[in-house]
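Here's the structure we're looking at; comments come further down.
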Amino acid sequence: MRSDNARAGMQQAPARSLFNALGFTQEEMKKPMVGIVSSYNEIVPGHMNIDKIVDAVKLGVAEAGGVPVVFPAIAVCDGIAMGHIGMKYSLVTRDLIADSTECMALAHQFDALVMVPNCDKNVPGLLMAAARLDLPTVFVSGGPMLAGHVGGQKRSLSSMFEAVGAHAAGNMTEEEVENFVENVCPTCGSCSGMYTANSMNCLTEALGMGLRGNGTIPAVYSERIRLAKHAGMAVMDMYNKGITARQIMTKEAVLNALTVDMALGCSTNSMLHLPAIAHEIGFDFDIEFANPISEKTPNLCHLAPAGPTYMEDLNEAGGVWAVMKELADIGLLNTDCMTVTGKTVGENIKNAVNRNPEVIRPVDNPYTKTGGLAVLKGNLAPDGSVVKRSAVVPEMLVHEGPARVFDSEEDAIAAIKGGKIVEGDVVVIRYEGPKGGPGMREMLNPTSAIAGMGLGSSVALITDGRFSGASRGASIGHVSPEAAVGGPIALVEEGDIIAIDIPNYSMTLKVSDEELAARKAKWQPREPRVTTGYLRRYAAQVTSGNRGAILQTPEV
């Protein structure tokens with residue numbers, strides 16, 4: 001056992017005295033020690049129930065012969081952090097989570113791990129740590145929130161943000177907005193649409209790192225407690241069989257996840273997190289992989305904000321495995337990949353059933369024949385940009401209009417809510433990338449304001465920042481290179497014509513090469529917005545969005 005490095009022999013007698021102080025028995029000292037990484041806290045609705053999940057995991061581990069030991073991981077609620085400086089501290093926690101988990105696991109020589117995340121950065125951060133550590137590891141999330149109900153219709157957090165935009169446009173009263181406040185987020189859990197948290201928890205199943213239902217069983221269902229117990233048992237089975245994380249998280253598994261991503265219509269943030277996870281296993285993930293996979297992968301689900309269905313509906317329809325079965329039946333998945341069940345993908349999904357063809361469209365009747373995400377390139381984004389095309393209305397798939405240029409999210413929101421953005425405009429928000437923000441803030445406030453003011457079918461938004469999974473419309477993010485390093489987005493001027501062609505994966509600034517070269521010669525870097533603390537260090541090391549905003553290791 002790896003844990004013997006910290007417990008066995010005369011040399012480790014002092015350590016045994018400390019285990020004795022922890023209350024370990026002699027019997028426990030002879031058993032595998034399983035670290036349970038708990039993201040529980042009292043500020044994130046998706047994490048407030050994780051203490052119950054952790055307790056269930058502990059029972060499962062103990063029942064299967066291991067010794068469960070809990071240690072924490074931090075978590076930021078993106079919805080609470082949205083629209084102020086707090087959002088600069090969201091994406092950056094992904095690497096803090098990965099690094100701190102690596103430190104704890106190696107410092108204490110755990111034999112296996114159960115990761116208990118839920119929200120946006122915890123899932124990819126812990127997947128990154130799992131890949132680095134290469135221990136027997138199982139993921140079990142806190143689960144999604146149930147949808148809210150307003151006016152007899154299911155609603156979620158994206159509806160709440162759009163209600164604010166509707167109020168700014170004079171289309172909703174303050175009392176009506178407060179009705180949304182009281183009813184759109186009715187339970188604990190990760191917000192109820194196919195936003196980033198639920199996207200990544202579903203993709204954990206596709207990667208093979210979570211048991212069936214990890215991404216979809218609602219947080220308040222007792223079925224999730226049973227799932228957590230089984231996760232504890234499963235990690236002990238992996239330990240006994242010698243199955244480790246990197247035997248599961250292979251290049252083929254990552255490409256499986258990207259394929260499932262296309263079918264589900266996941267958040268654009270998955271195109272930050274999958275490259276970062278791939279980097280940890282030594283797989284150089286190019287975001288352009290998305291387009292050929294998208295071309296052959298049908299989009300089978302339109303969950304909120306793309307459509308009227310929610311995570312509870314996907315769960316009842318058969319969940320992620322039912323989606324995977326549809327894809328495997330037409331040869332789009334590598335079914336030989338190993339999973340945390342000790343079985344292959346093919347063995348896991350062979351009996352999966354699509355119980356609701358309105359929630360999970362069959363492959364012969366998809367929403368579209370192409371996948372949910374697209375990577376656009378052109379002279380405005382030479383290294384790429386990302387759009388959730390499954391959430392774009394048909395009339396905006398091809399769009400051309402004048403640039404309305406803003407150097408911060410706040411300036412853009414003020415213009416949108418002030419009625420200064422009109423039909424046909426292309427809103428450009430720059431200096432919000434990984435370095436420029438720093439921290440690559442989500443742009444849910446401006447996209448929701450555009451939708452709430454009735455401009456979602458006539459106005460596009462382009463940014464070197466990123467979008468919440470709750471964003472919809474022609475919202476194109478991750479523009480690389482970013483403005484802070486002199487990327488072409490820094491050279492856009494008010495009124496320049498921008499042409500967007502999502503079906504042909506292109507985005508063009510209609511300015512001559514000569515004019516762009518002249519603008520580039522005059523361009524000067526901006527003074528950093530943050531000059532102290534963690535964000536300063538992050539900005540110095542982070543790469544561009546097209547590389548997953550990973551941290552570069554300084555030369556030694």
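Hydrogens, waters and symmetry mates are skipped; everything else that's a heavy atom, side chains included, is used. Remember, predicted model here, so these are calculated numbers, not experimental data. For this chain, numbers begin at 1 and follow the sequence in order.
Listed by first and then second residue, the salt bridge (Lys or Arg N to Asp or Glu O under 4.0 Å) pairs that reach into residues 98-113 are Asp99-Arg132, Glu102-Arg132, sequence neighbours excluded. The ring-ring contact (aromatic ring centres under 6.0 Å, His included) contacts involving residues 18-75 comprise Phe19-Phe24, Phe71-Phe110, where partners must be two or more places apart or lie in separate chains. Contacts classified as salt bridge (Lys or Arg N to Asp or Glu O under 4.0 Å) and involving residues 233-248 (residues at least two apart or in different chains) are given here: Asp237-Lys241. Sorted by first and then second residue, the salt bridge (Lys or Arg N to Asp or Glu O under 4.0 Å) pairs with a member in residues 6-21 form an empty list; sequence neighbours excluded. Sorted by first then second residue, the salt bridge (Lys or Arg N to Asp or Glu O under 4.0 Å) pairs that include residues 537-550, not counting sequence neighbours, number zero.
In Glu63, the CD atom is not crowded: 12 or fewer heavy atoms of neighbouring residues, nucleotides or ligands sit closer than 6.0 Å. Taking a 6.0 Å sphere around CE of Met48, one finds it holds 12 or fewer heavy atoms contributed by other residues, nucleotides or ligands. Around CD1 of Ile43, the count of heavy atoms belonging to other residues, nucleotides or ligands within 6.0 Å does not exceed 12.
Atom OG of residue Ser39 and atom CG of residue Leu126 lie 5.5 Å apart, to the nearest 0.5 angstrom. In this structure, the separation between CG on Leu133 and CD on Glu280 is 9.5 Å, given to the nearest 0.5 Å. We find the CG-CD distance between Asn256 and Glu205 to be 13.0 Å, quoted to the nearest 0.5 Å. A distance of 10.0 Å separates CE of Met145 from CG of Asn49, quoted to the nearest 0.5 Å. To the nearest 0.5 angstrom, Gln109 atom CD is 9.0 Å from Leu135 atom CG. The structure places SG of Cys266 at 4.5 Å from CG of Leu203, a figure rounded to the nearest 0.5 Å.
For Asn41 (side chain) and Val44 (main-chain N/O), a donor-acceptor pair under 3.5 Å exists by modelled atom type. No donor-acceptor pair closer than 3.5 Å links the side chain of Ser475 to the backbone N or O of Ser471. In this structure, Glu312 contributes its side chain and Ala147 its backbone to a donor-acceptor pair below 3.5 Å. Under a 3.5 Å cut-off, the side chain of Thr93 and the backbone N or O of Leu96 do not form any donor-acceptor pair. Using modelled atom types, one side-chain atom of Lys435 and one backbone atom of Ala539 make a donor-acceptor pair closer than 3.5 Å. Asn122 places a side-chain N or O within 3.5 Å of a backbone atom of Ile74 that can act as its donor or acceptor partner. Without hydrogens or angle criteria, Ser385 side chain to Gly477 main chain gives no donor-acceptor distance under 3.5 Å. A donor-acceptor pair is defined here as one N or O able to donate and one able to accept, closer than 3.5 Å; such a pair exists between the side chain of His230 and the backbone of Arg226. Remark: the backbone N or O of Ser294 is not paired with any side-chain donor or acceptor of Thr297 at under 3.5 angstrom.
Taking the six-membered ring for Trp and thresholds of 30 and 60 degrees, Tyr534 and Tyr538 have ring planes inclined between 30 and 60 degrees apart.
Across Ser156 and Ser192, no two heavy atoms sit closer than the pair CB-OG, 3.2 Å. The two residues Pro438 and Arg529 have their closest heavy-atom pair at CD-CB, 4.5 Å. The two residues Ala98 and Ala129 have their closest heavy-atom pair at O-CB, 3.8 Å. Shortest non-hydrogen contact noted between Ser141 and Arg224 is O-NH1, 2.7 Å.
Applying the side chain to side chain contact (heavy atoms under 4.5 Å, CB included) test to Ser390 and every residue at least two apart in sequence or in another chain returns Asn299, His302, Lys388. Evaluation of the side chain to side chain contact (heavy atoms under 4.5 Å, CB included) rule for Lys350 yields no partner, not counting sequence neighbours. Lys377 pairs by the side chain to side chain contact (heavy atoms under 4.5 Å, CB included) definition with Glu288, not counting sequence neighbours. With sequence neighbours excluded, the residues satisfying salt bridge (Lys or Arg N to Asp or Glu O under 4.0 Å) with Glu442 are Arg466. For Asp383, there are no salt bridge (Lys or Arg N to Asp or Glu O under 4.0 Å) partners at least two apart in sequence or on another chain. With sequence neighbours left out, Asn348 forms a side chain to side chain contact (heavy atoms under 4.5 Å, CB included) with Trp321, Thr339, Thr341, Lys343. Scored by the side-chain hydrogen bond (donor to acceptor under 3.5 Å, both in side chains) test, Thr196 finds Ser267, Asn269 as partners (sequence neighbours excluded).
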- Evaluate side-chain contact (heavy atoms from CB on, under 4.5 Å) for Leu207 paired with Leu127, printing each intermediate quantity in order. CA-CA 10 Å; Leu207 277 169; Leu127 283 166; 4.0 Å; yes
- Evaluation steps, side-chain contact (heavy atoms from CB on, under 4.5 Å), between Leu227 and Glu223: CA-CA 6 Å; Leu227 179 74; Glu223 184 182 358; 5.7 Å; no
- Task: Begin with the C-alpha distance, continue with both residues' side-chain angles, and end with the deciding distance and a verdict on side chain to side chain donor-acceptor pair (under 3.5 Å) for Ser90 and Asp78.
- Result: CA-CA 7 Å; Ser90 171; Asp78 281 20; 2.7 Å; yes
- Message: I'd like to know whether Asn354 forms a side chain to side chain donor-acceptor pair (under 3.5 Å) with Glu326, so could you lay out the CA-CA distance, the side-chain angles of the two residues, the decisive distance to 0.1 Å, and finally the verdict.
- Response: CA-CA 8 Å; Asn354 180 354; Glu326 293 280 355; 3.2 Å; yes
- Task: Given side-chain contact (heavy atoms from CB on, under 4.5 Å), test Phe285 with Leu258 step by step and report yes or no.
- Result: CA-CA 11 Å; Phe285 183 106; Leu258 182 55; 3.8 Å; yes
- Message: For Val323 and Leu314: C-alpha separation, side-chain torsions, deciding distance, then whether side-chain contact (heavy atoms from CB on, under 4.5 Å) applies.
- Response: CA-CA 9 Å; Val323 175; Leu314 178 59; 4.3 Å; yes
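Checked by atom type, the side-chain pair Asp134/Thr244 shows a donor-acceptor distance below 3.5 Å. Side-chain contact, Asn118 with Asn201: a donor N or O sits under 3.5 Å from an acceptor N or O.
Using a 4.5 Å heavy-atom threshold, the side chains of Val235 and Leu113 count as separate. Side-chain contact between Val138 and Met115 is absent, with no heavy-atom pair separated by less than 4.5 Å. For the pair Ser270 and Leu373, the minimum side-chain heavy-atom distance is below 4.5 Å. Counting heavy atoms from C-beta on, the side chains of Leu303 and Asp313 never come closer than 4.5 Å. Taking 4.5 Å as the limit, some side-chain heavy atom of Leu327 sits within range of a side-chain heavy atom of Leu300. Within the 4.5 Å cutoff, the side chain of Val254 has no heavy atoms near those of the Met249 side chain. A heavy-atom distance below 4.5 Å is not found between the side chains of Leu551 and Thr543. The shortest side-chain heavy-atom distance between Val114 and Thr137 does not fall under the 4.5 Å cut-off.
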